[in-house]
Trainee: 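Handing you a structure now.
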Number of protein chains: 2
Amino acid sequence: MTTKLTQLKQDFTEGLSQISRFWGFPKGMGSIFAVLYLSPTPLSLDEVVQATGLTKGAISTEVRTLARMGLVHRSSKLADRKDYYEAEDDFYKSIRSILKERQNSEFDSAIRSVRETLEKLEAGTVTGNAAELDFIYKRVRALQEFFNAIDGLTKAVIKLESLGMTNVTKILSVLK
Amino acid sequence: MTTKLTQLKQDFTEGLSQISRFWGFPKGMGSIFAVLYLSPTPLSLDEVVQATGLTKGAISTEVRTLARMGLVHRSSKLADRKDYYEAEDDFYKSIRSILKERQNSEFDSAIRSVRETLEKLEAGTVTGNAAELDFIYKRVRALQEFFNAIDGLTKAVIKLESLGMTNVTKILSVLK
DNA sequence: TACTACGTTTAGTAATTACTAAACATTCTA
DNA sequence: TAGAATGTTTAGTAATTACTAAACGTAGTA
């Protein structure tokens, strides 16, 4: 039983859409990436419209966030006003730019709020039952330390020349 | 300038809510966890209702998913029909059970769909332009390899006796 | 057995998010 | 300069998700 190439592409795209949703991104983002990833040549906005069934508007905005994450690249041909988009195919590179992106995001500000909580506790300016205060202080500090560890890890990954199989293998070997 | 303990708790809870949303979970989940995490003693459902402002129903369901992820534990006192909930305070442990949880989830099925794509391509049962087929095969295979690497990593982490600062430090040292 | 104290489920609502359609801005071309 | 070809923004809609309120189930207690 044979499969048509177009069908295969569609299934693949469907799969990436689900993965995208799983990670909390719009499923349209997944399908845009899939289409670009399977294309041997960069595609214009209208070609992506055609291939995904989404509208120009949607693609315009989602391609921008994909580009911010380093998952697609925008290029242009001389003497052609169209923009062209192509997928990054080095996922390890993408991971690094996604992490970099996230550093400046809301996540960091939320984490900062935990640190502020901790600082208030350390400054001794919080009024309330002493035993409870002590308990809460320990817990908040533990959380803070955990965040610091995560933060250290992501920063280390960002700084790498390249993540990639070699490094993954190294990590695996230490974990054994 | 001093802060009331209740205010501090509220701010902390607010912070965790944002973090929860950032990771694609309901913000209510974050606040439930925060309340439990700051409590020296396990809390009953009604106490959580009181502390979070959510309804019994919401808490009932969200506490269940928190428990599945190993972030909270349910316990009961003898001769007391109430359930009591308390937060896991070993986050490394939680990471491991979250990863374990995710293994059987939709994510895996989506990844499986990529593998299926690859298998069809390898079986040579796909009809279409040969050059394009070859290109697509290479790309899909690369993605598959990437997923395998990730999968290997998560499995390794799951298998660990315990993740924790020691291991994080080890990883960091390899990445330098 | 009826009543109470709980947790769960369910059906509906509110809030959020993803997307569309169309107006708009910009740049090139005639 | 007018017109066409492009990408972006915006205002509204559809779809999804988080939550509420209240009915329900169950088990313990009088």
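What you see is a predicted model, and the numbers here were worked out from it, not measured in a lab. The chains referred to below are lettered A, B, ... by the order of the sequence lines, with proteins before strands, and numbering in each begins at 1.
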Trainee: Kindly say if Arg21(B) contacts the phosphate of dT17(C), meaning a side-chain N or O under 4.0 Å from OP1 or OP2.
Mentor: yes
Trainee: Can you tell me how far C1' of dA18(D) sits from CE of Met29(B), to the nearest Å?
Mentor: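 About 12 Å, once rounded to whole Å.
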Trainee: Starting at atom CD of Glu62(A), determine the distance to atom P of dG7(D), rounded to an integer number of angstrom.
Mentor: 16 Å
Trainee: If you take all heavy atoms of Thr154(A) and Asp151(A), which pair is closest and at what distance?
Mentor: OG1-O, 3.0 Å
Trainee: May I have the distance from Arg81(B) (atom CZ) to dT8(C) (atom P), rounded to whole angstrom?
Mentor: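 So the CZ-P distance, Arg81(B) to dT8(C), works out to 13 Å.
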Trainee: For Thr61(A) and Lys82(A), find the nucleotide of DNA chain D closest to each by heavy atoms; which residue's nucleotide sits nearer the 5' end?
Mentor: Lys82(A)
Trainee: To the nearest Å, give me how far apart NZ (Lys56(A)) and C1' (dA21(C)) are.
Mentor: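 That distance rounds to 11 Å.
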Trainee: Could you tell me the separation between the CH2 atom of Trp23(B) and the P atom of dA18(D), rounded to a whole number of Å?
Mentor: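 Going from Trp23(B) (CH2) to dA18(D) (P), I get 17 Å.
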Trainee: With a 4.0 Å cut-off on heavy atoms, is Gly28(A) in touch with a base, just the backbone sugar-phosphate, or nothing at all?
Mentor: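 Sugar-phosphate, no base atom in range.
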Trainee: So, Glu132(B) and Lys9(A), do they make that salt bridge, N to O below 4.0 Å?
Mentor: yes
Trainee: Using the side chain to side chain contact (heavy atoms under 4.5 Å, CB included) rule, pick out the option among Thr65(B), Val63(B), Leu54(B) that qualifies with Met29(B).
Mentor: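 Of the listed options, the one satisfying the test is Thr65(B).
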Trainee: Inspect the surroundings of CZ in Arg115(B) and state if more than 12 heavy atoms from other residues, nucleotides or ligands are less than 6.0 Å away.
Mentor: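 Yes, enclosed.
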Trainee: Whole Å only: how far is the OH atom of Tyr84(B) from the P atom of dG7(C)?
Mentor: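 It is 9 Å, rounded to the nearest whole Å.
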Trainee: Would you say a side-chain N or O of Arg64(B) is under 4.0 Å from OP1 or OP2 of dT9(C)?
Mentor: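 Answer is yes, contact under 4.0 Å.
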Trainee: Starting the side chain at C-beta, find the nucleotide from dC19(C), dA18(D), dG7(C) nearest to Leu54(A).
Mentor: dC19(C)
Trainee: Roughly, in whole Å, what's the span from CD1 in Ile59(B) to P in dC6(C)?
Mentor: 15 Å
Trainee: From the list dT20(C), dA21(D), dA18(D), which nucleotide is the closest neighbour of the side chain of Thr55(B)?
Mentor: dA21(D)
Trainee: Assign Asp83(B) to base, sugar-phosphate, or nothing according to its heavy-atom contacts below 4.0 angstrom with the strands shown.
Mentor: sugar-phosphate
Trainee: From the list dC19(C), dT9(C), dT8(D), which nucleotide is the closest neighbour of the side chain of Arg74(A)?
Mentor: dT8(D)
Trainee: Can you say whether the rings of Phe12(A) and Tyr37(A) are parallel (under 30°), tilted (30 to 60°) or perpendicular (over 60°)?
Mentor: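 Rings of Phe12(A) and Tyr37(A): parallel, under 30°.
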Trainee: What is the separation between atom CD on Glu47(A) and atom P on dG7(D), rounded to the nearest whole Å?
Mentor: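 Going from CD in Glu47(A) over to P in dG7(D) covers 10 Å.
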